[in-house]
Amino acid sequence: MSPFLRKVRTASDATAVQIVEKQGRVNRVVEHLGSARDEASLQVLLEKGRRKLRPDQMEFDFNYLDTKISYTPIVQHQSSTLLWQVLQDSYRALGFDQAIGDAAFEQLVLARIAETSSKVDTVRILDELGIKAAHRNTFNNCLQRCAGRDYRSRVGAACFQHAAKTGDLSLVLYDVTTLYFEAGKEDADSGTNQGLRKVGYSKERRVDPQIVVGLLVDRSEFPLEIGCFQGNKAETKTLLPIVKDFQKRHGLDGFVVVADAGMLSAENLKTLYAAGFRFIVGARQTKAPHDLESYFHWHGDCFADGQLIDTITPRHANAKVNNKLFKPEPVWNPTMSKAWRAIWQYSAKRAKRDTVTLKAQHRRALEAIEGIKPARKPRFVKQSKTGYKFDEKAFNRAEKLVGLKGYVTNIPAPLMPASETISSYHELWHVEQSFRMFKNDLRARPIFHRRKDAIEAHLTIVMTALAISRYLYQKTGITTKKLVRTLRPIQEQTILYQGHEIQSSEPITPQAQKILEKLGH
């Protein structure tokens with residue numbers, strides 16, 4: 001028998017409404033919809049049950065099985081008022097209402113948090129939430145205003161004000177990602193988009209046109225600055241424009257920029273240093289033999305778990321700064337014009353992981369040489385006059401470096417010890433986490449826009465949504481997805497019953513109550 005709706009009188013003299021399915025001689029409760037102590041609440045639960053059942057399914061009163069439910073309440077309006085109020089309060093707590101002053105922009109941002117869908121779906125999302133939406137044309141015009149009135153700078157200023165009051169701006173974290181387009185052709189170098197959507201190196205191994213997006217966050221993952229670049233632009237060339245814009249906009253100096261090894265270029269470090277920035281970037285493992293030449297000469301290639309080696313690294317590839325004739329490792333200071341400070345750390349856990357990777361690369365190299373698996377030239381394969389062969393020298397060198405991770409900085413040891421420098425670098429997982437939320441939870445990709453101003457507007461909307469999401473997470477300790485899933489079902493209804501309008505709201509669950517308490521509601 002198909003599931004049906006029934007009422008049950010409880011021991012506390014309330015009326016429970018349940019969806020029940022008959023299995024043999026037993027009625028199994030599929031879902032308990034709630035209990036009501038008044039007529040209005042009962043009608044809300046019954047209507048909720050009817051919406052879950054198909055039209056051909058039945059309703060029964062458990063105590064009076066022969067009595068069909070004869071009333072037909074009409075739900076005139078229902079809305080997720082509680083969820084919308086929480087999102088609006090967060091938007092205003094961050095100062096976006098004062099910075100932007102655009103109701104359509106606010107709806108575009110909050111609708112994306114409530115349900116990660118395209119902007120075309122905003123009217124539908126707001127309608128399901130019971131919120132009166134702006135007209136579609138108003139939303140389209142908002143995208144133009146977003147670029148024309150530089151909403152991104154306003155959002156960035158509001159984010160900075162919040163971070164300055166609640167966070168720590170002495171250290172900022174930078175990383176890049178790529179966002180792809182649902183488009184068959186990339187942009188021409190001339191035209192309105194100036195070659196913005198280009199095929200380039202994709203972190204997701206796609207061949208679609210894309211843009212490169214750089215994101216600057218504080219150590220609590222709160223976004224500070226975002227920028228987009230042509231899809232084929234090198235990652236190393238994205239760092240300086242964003243950091244300099246951030247510095248110029250807010251009149252800052254004396255903060256530390258942390259970035260991964262992808263940003264490690266001689267030009268980047270030179271320019272950051274000249275501009276007065278302090279930096280911590282990841283070092284490429286291939287630099288270890290040069291940086292640790294003295295250590296290898298005097299101590300060999302054995303390390304203790306957690307061992308730190310504070311030394312120097314050349315600023316340019318052709319410079320030699322480490323002399324193995326001297327046993328003590330050189331100590332970096334700002335007067336060394338040809339070197340940066342380098343810190344290398346050995347981890348037994350990392351060594352185990354690196355060893356597994358090396359074995360896999362060794363196997364792939366031999367398979368490629370023997371022609372077992374046709375593939376592009378893998379690591380440790382070199383070409384000679386007689387064909388391909390295994391590069392034993394390179395493999396042995398890589399084996400010596402397993403477990404080592406390097407960091408390059410221009411902060412002297414007296415100001416920041418080696419262990420603190422490494423801890424600061426490891427804060428980078430915060431920006432990686434923000435990017436995951438940016439791309440997955442907030443559906444920043446794929447991008448369907450064609451024009452540059454609409455693409456810029458899209459990034460501004462998603463960055464604003466990201467800031468609200470991070471704010472809510474900091475306050476409640478739960479993700480925005482879980483917060484929406486908890487608060488959205490708690491709705492307010494206006495029901496027409498026997499000629500009277502009845503206002504009713506669903507009870508706040510214990511989980512929702514905890515969220516509201518943490519938000520100060």
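Keep in mind that this is a model prediction, so the values were computed, not measured.
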- Residues Arg152, Glu225; criterion salt bridge (charged side-chain N to carboxylate O under 4.0 Å, His left out); working and verdict: CA-CA 9 Å; Arg152 184 184 301 176; Glu225 192 84 18; over 6 Å; no
- Message: Go through it in stages, so that I can follow the logic: the residues are Thr357 and Asp354, the test is side chain to side chain donor-acceptor pair (under 3.5 Å), and I'd like the CA-CA distance, side-chain angles, deciding distance and then a yes or no.
- Response: CA-CA 5 Å; Thr357 302; Asp354 289 350; 5.3 Å; no
- What do the steps show when you test Thr178 against Val213 for side chain to side chain contact (heavy atoms under 4.5 Å, CB included), and what is the final call? CA-CA 6 Å; Thr178 54; Val213 177; over 6 Å; no
- Task: Dump the intermediate steps for side chain to side chain contact (heavy atoms under 4.5 Å, CB included) on Leu224 and Asp218, then the final yes or no.
- Result: CA-CA 7 Å; Leu224 301 170; Asp218 68 8; 4.1 Å; yes
- Message: side chain to side chain contact (heavy atoms under 4.5 Å, CB included) for Leu239 and Val257? Distances and angles first, verdict last.
- Response: CA-CA 10 Å; Leu239 172 64; Val257 180; 4.1 Å; yes
- Step by step, would you call Leu472 with Ile515 a side chain to side chain contact (heavy atoms under 4.5 Å, CB included)? CA-CA 10 Å; Leu472 287 170; Ile515 293 172; over 6 Å; no
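Using a 4.5 Å heavy-atom cutoff, the side chains of Leu358 and Gln361 are in contact. Under the 4.5 Å side-chain criterion, counting only non-hydrogen atoms from C-beta, Ile100 is in contact with Val155. Counting heavy atoms from C-beta on, the side chains of Arg6 and Val29 come closer than 4.5 Å. Side-chain atoms of Leu83 and Val484, non-hydrogen and from C-beta on, do get closer than 4.5 Å to each other. Counting heavy atoms from C-beta on, the side chains of Val176 and Phe229 never come closer than 4.5 Å. A 4.5 Å side-chain heavy-atom check between Ile19 and Leu5 finds at least one atom pair inside the cut-off. Side-chain contact between Leu215 and Asp175: absent, with no pair of heavy atoms (C-beta onward) separated by less than 4.5 Å.
A side-chain contact (heavy atoms from CB on, under 4.5 Å) with Phe105 holds for exactly one of Phe96, Phe139, Tyr91; it is Tyr91.
Here the shortest heavy-atom pairing between Ser424 and Leu173 reads O-CD2, 4.3 Å. The shortest heavy-atom contact between Ala99 and Arg154 is O-CD, 3.0 Å. Residues Gly214 and Ile242 approach most closely at O-CD1, 3.5 Å, considering heavy atoms. Of all heavy-atom pairs between Ala93 and Tyr471, the closest is CB-OH, 3.5 Å. When all heavy atoms of Thr460 and Thr464 are compared, the pair lying nearest together is O-OG1, 2.7 Å.
Within the model, atoms CZ of Arg145 and OG1 of Thr138 stand 7.5 Å from one another, a figure rounded to the nearest 0.5 Å. Note that CD1 of Ile508 is 9.0 Å distant from CG of Leu487, once rounded to the nearest 0.5 Å. Taking CG from Leu179 and NE2 from His458, the interatomic distance works out to 6.5 Å, rounded to the nearest 0.5 Å. Here CD of Gln345 is found 9.5 Å from CG of Leu404. Values are rounded to the nearest 0.5 Å. For the atom pair SG of Cys142 and CZ of Arg136, the computed distance is 15.0 Å after rounding to the nearest 0.5 Å. To the nearest 0.5 Å, the span separating OG1 on Thr355 from CZ on Arg353 amounts to 10.5 Å.
Take Asp453 and apply the salt bridge (Lys or Arg N to Asp or Glu O under 4.0 Å) test, not counting sequence neighbours, and it matches Arg451. For Asp121, the salt bridge (Lys or Arg N to Asp or Glu O under 4.0 Å) criterion is met by Arg124, not counting sequence neighbours.
Between the Glu456 side chain and the Leu143 main chain, no donor and acceptor come within less than 3.5 Å of each other. Using a distance-only test at 3.5 Å, with no hydrogens or angles considered, a donor-acceptor pair links the side chain of Arg350 to the main chain of Gly403. Distance alone, capped at 3.5 Å, is enough to place a donor-acceptor pair between the His135 side chain and the Asn137 backbone. Side-chain N or O atoms of Gln107 include one that pairs as donor or acceptor with a backbone N or O of Ala134 at under 3.5 Å. Side-chain atoms of Ser80 come within 3.5 Å of backbone atoms of Arg488 as a donor-acceptor pair (strictly under, hydrogens ignored).
Of the N and O atoms on the side chains of Tyr174 and Asp260, not one donor lies less than 3.5 Å from an acceptor on the other residue. One side chain, Asp89 or Gln85, offers a donor N or O that lies under 3.5 Å from an acceptor on the other. No side-chain donor from either of Gln491 and Thr81 sits under 3.5 Å from a side-chain acceptor of the other.
For Lys198, the NZ atom is densely surrounded, since the number of other residues' heavy atoms within 6.0 Å is greater than 12. Within a 6.0 Å sphere centred on CD of Glu517, other residues, nucleotides and ligands contribute more than 12 heavy atoms.
Remark: Arg470 fails to qualify as a cation-pi partner of Phe222 under the 6.0 Å distance and 45° angle criteria applied to the six-membered ring.
Between Arg197 and Glu186 there is no salt bridge, since no side-chain N of the basic residue sits under 4.0 Å from a carboxylate O of the acidic one. Between Lys481 and Glu115 there is no salt bridge, since none of the side-chain N atoms of the basic residue sits less than 4.0 Å from a carboxylate O of the acidic one.
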